[in-house]
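Both ligands and their constituent atoms are indexed starting at 1 by order of listing. Just so you know, these numbers come straight off a predicted model, no measurement behind them.
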Amino acid sequence: MAHKFSRLVLVHLFIVLMHLEPFVVSEEPQVPCYFIFGDSLVDSGNNNQLVTASKVNYPPYGIDFSEKASGRFTNGRTSADLIGLETVGVVSMIISVSTSHSMITGEHLGFDEYIPSYAVATDEQINKGVNYASGSSGIRDETGSHLGERISLNMQLLHHDSIVSRLSNLQHDTTFTNKCIYLVNIGSNDYINNYFFSDYYNTSRIYDPTQYAVILIEQYSEQLMTLYNLGARKIVVFGLARIGCIPAEIGRFGTHGKLCVDPLNEAAKIFNNKLKSLVDELNNIYSDGRFTFINVTSISAPQGDIPFPNEPCCQVREDWQCTPNTDPCRFRDLSLFFDGFHPTEISNILLAARSYTRLFTTDASPWDIKHLSQL
Ligand SMILES: *[C@@H]1O[C@H](CO)[C@@H](O)[C@H](O)[C@H]1NC(C)=O
Ligand SMILES: *[C@@H]1O[C@H](CO)[C@@H](O)[C@H](O)[C@H]1NC(C)=O
């Protein structure tokens with residue numbers, strides 16, 4: 001076993017070295033601005049002021065983050081934070097032992113500060129971008145409503161509309177918004193906190209999984225077109241993770257002898273395939289639009305290969321969020337999940353690295369974020 005493991009690490013190192021590029025510390029970010037839309041996977045504190053069970057501005061969230069319990073749903077930084085930075089900490093190379101792949105984390109977009117959340121962004125800050133993401137939100141407006149207030153994707157787009165107006169008063173360059181990167185990571189809650197929460201929502205009684213994916217993608221399509229019409233040209237669309245392998249979902253549904261909850265993974269797969277097709281279609285419709293799809297299931301470790309159990313790192317309450325002021329696990333870099341739903345920072349580092357610089361063509365297509373930012 002030990003022998004097999006060290007051979008694997010050697011193979012990893014080899015792949016890493018093959019991908020290693022000269023380490024450049026650039027002064028300017030790759031793009032002038034970076035806007036973030038989505039749910040708790042990328043929320044940086046927009047829910048702190050809302051009346052909702054879905055907010056996490058308390059310890060142990062943020063235990064490994066300089067800004068502590070900022071409202072991020074993890075122990076450190078989100079994937080959107082990490083994609084925005086210049087380098088990811090002192091370690092510029094990480095060998096992921098949790099997958100049979102390797103990756104490097106070198107240069108990313110190169111901003112020297114985190115993109116401010118919409119709730120607190122000032123006029124001086126918005127010209128570098130805004131983070132509109134909101135925990136428990138979805139493509140559909142009603143998604144997450146049993147948890148309380150949230151900012152749905154439709155509402156996030158309205159917020160962006162108002163920011164674009166504010167920007168047009170501040171910026172002389174009318175093509176400014178065309179140059180930014182737009183990251184959108186949403187849809188998980190349309191399943192977890194809607195379709196598969198049938199005590200409260202009736203979508204699963206109206207639609208089968210294929211029909212549901214179709215109506216979600218129709219709505220998402222309109223939302224991405226709205227984003228384009230507000231000036232976005234470089235748009236990164238994240239697919240869904242294996243939502244059936246999330247500890248909270250395994251806890252709720254059981255796996256019936258499997259590793260994960262298969263119906264959830266099946267539904268996510270249908271959605272992801274349609275989302276990938278939508279991205280291709282939007283690239284055909286808009287000759288100057290550059291949409292790209294990030295295949296999160298390609299990047300995250302296949303279940304079964306994982307040498308660690310996928311249990312939450314922190315002590316969780318009944319709702320699978322961390323119990324306030326309790327000590328989380330010590331070796332957080334060996335844990336995939338921080339609470340019952342959300343990845344640890346180490347998982348986010350892996351996702352950020354391979355969506356920025358893809359290792360396989362399936363990770364990001366047609367472009368990874370690095371190439372998208374250079375187009
Ligand atoms: C679904 O639920 C909503 C309220 O949550 C209700 O307005 C609607 O009539 C329901 N639809 C069906 C078909 O039951
Ligand atoms: C994501 O990547 C996996 C390979 O790891 C592939 O099987 C799957 O079809 C991809 N999904 C999409 C929507 O492209």
Side-chain angles (χ1 to χ4, degrees), residues 8 11-12 15-16 18-19 38-39 41 79 83 94-104 138-139 183-192 195 208-221 223-224 235-246 258-285 289-307 310 336 343 347-372:
L8 248 157
V11 172
H12 288 161
I15 299 174
V16 166
M18 296 210 3
H19 283 79
D39 56 28
L41 294 169
S79 55
I83 286 165
I94 286 187
I95 301 165
S96 162
V97 292
S98 66
T99 70
S100 40
H101 313 136
S102 329
M103 50 141 202
I104 57 159
I139 294 166
L183 181 152
V184 194
N185 190 341
I186 201 145
S188 305
N189 289 313
D190 293 293
Y191 287 93
I192 294 171
Y195 195 78
D208 71 22
T210 302
Q211 293 167 330
Y212 189 59
V214 168
I215 61 147
L216 283 180
I217 292 294
E218 277 170 8
Q219 190 165 355
Y220 205 178
S221 173
Q223 290 159 333
L224 291 171
I235 302 171
V236 186
V237 183
F238 277 69
L240 303 185
R242 287 183 185 78
I243 52 175
C245 303
I246 292 173
K258 306 283 182 53
L259 283 166
C260 300
V261 191
D262 285 349
L264 270 77
N265 284 345
E266 264 314 303
K269 197 170 170 181
I270 298 170
F271 176 86
N272 284 338
N273 287 334
K274 293 194 185 302
L275 184 55
K276 170 80 169 47
S277 304
L278 172 63
V279 162
D280 294 338
E281 201 182 306
L282 291 170
N283 281 324
N284 286 331
I285 295 174
R290 303 280 182 269
F291 295 81
T292 199
F293 173 76
I294 304 297
N295 186 335
V296 178
T297 50
S298 166
I299 296 171
S300 59
Q303 299 294 311
D305 285 7
I306 299 175
N310 54 351
L336 292 176
S347 302
N348 290 334
I349 288 176
L350 174 80
L351 179 59
R354 278 178 53 186
S355 49
Y356 195 77
T357 309
R358 69 184 178 191
L359 186 56
F360 301 114
T361 44
T362 50
D363 292 350
S365 57
W367 305 281
D368 58 22
I369 299 170
K370 179 182 183 155
H371 288 102
L372 184 69

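- For the pair Asp363 (side chain) and Leu359 (backbone), a donor-acceptor distance under 3.5 Å is present.
- Closer than 4.0 Å to atom 2 (O) of ligand 2 lies at least one heavy atom of the protein.
- A parallel orientation is assigned to the rings of Tyr195 and Tyr212, their planes being inclined by less than 30° (bins at 30° and 60°).
- Within the structure, salt bridge (Lys or Arg N to Asp or Glu O under 4.0 Å) contacts touching residues 267-282 (residues at least two apart or in different chains) are Lys276-Asp280.
- In this structure, atom 11 (N) of ligand 2 has protein heavy atoms in its sub-4.0 angstrom surroundings.
- Looking at Phe360 against ligand 2, nothing comes within 4.0 Å, counting heavy atoms.
- Here the side chain of Thr297 pairs no donor or acceptor atom with the backbone of Ala241 at under 3.5 angstrom.
- The main-chain N or O of Asp208 is found under 3.5 Å from a side-chain atom of Gln211 such that the two form a donor-acceptor pair.
- One option in Asn295, Asn272, Thr297 has a heavy atom closer to atom 14 (O) of ligand 2 than any other, and that option is Asn295.
- Among all non-hydrogen protein atoms, the one lying nearest atom 9 (O) of ligand 2 is Asn273 OD1, 4.6 Å.
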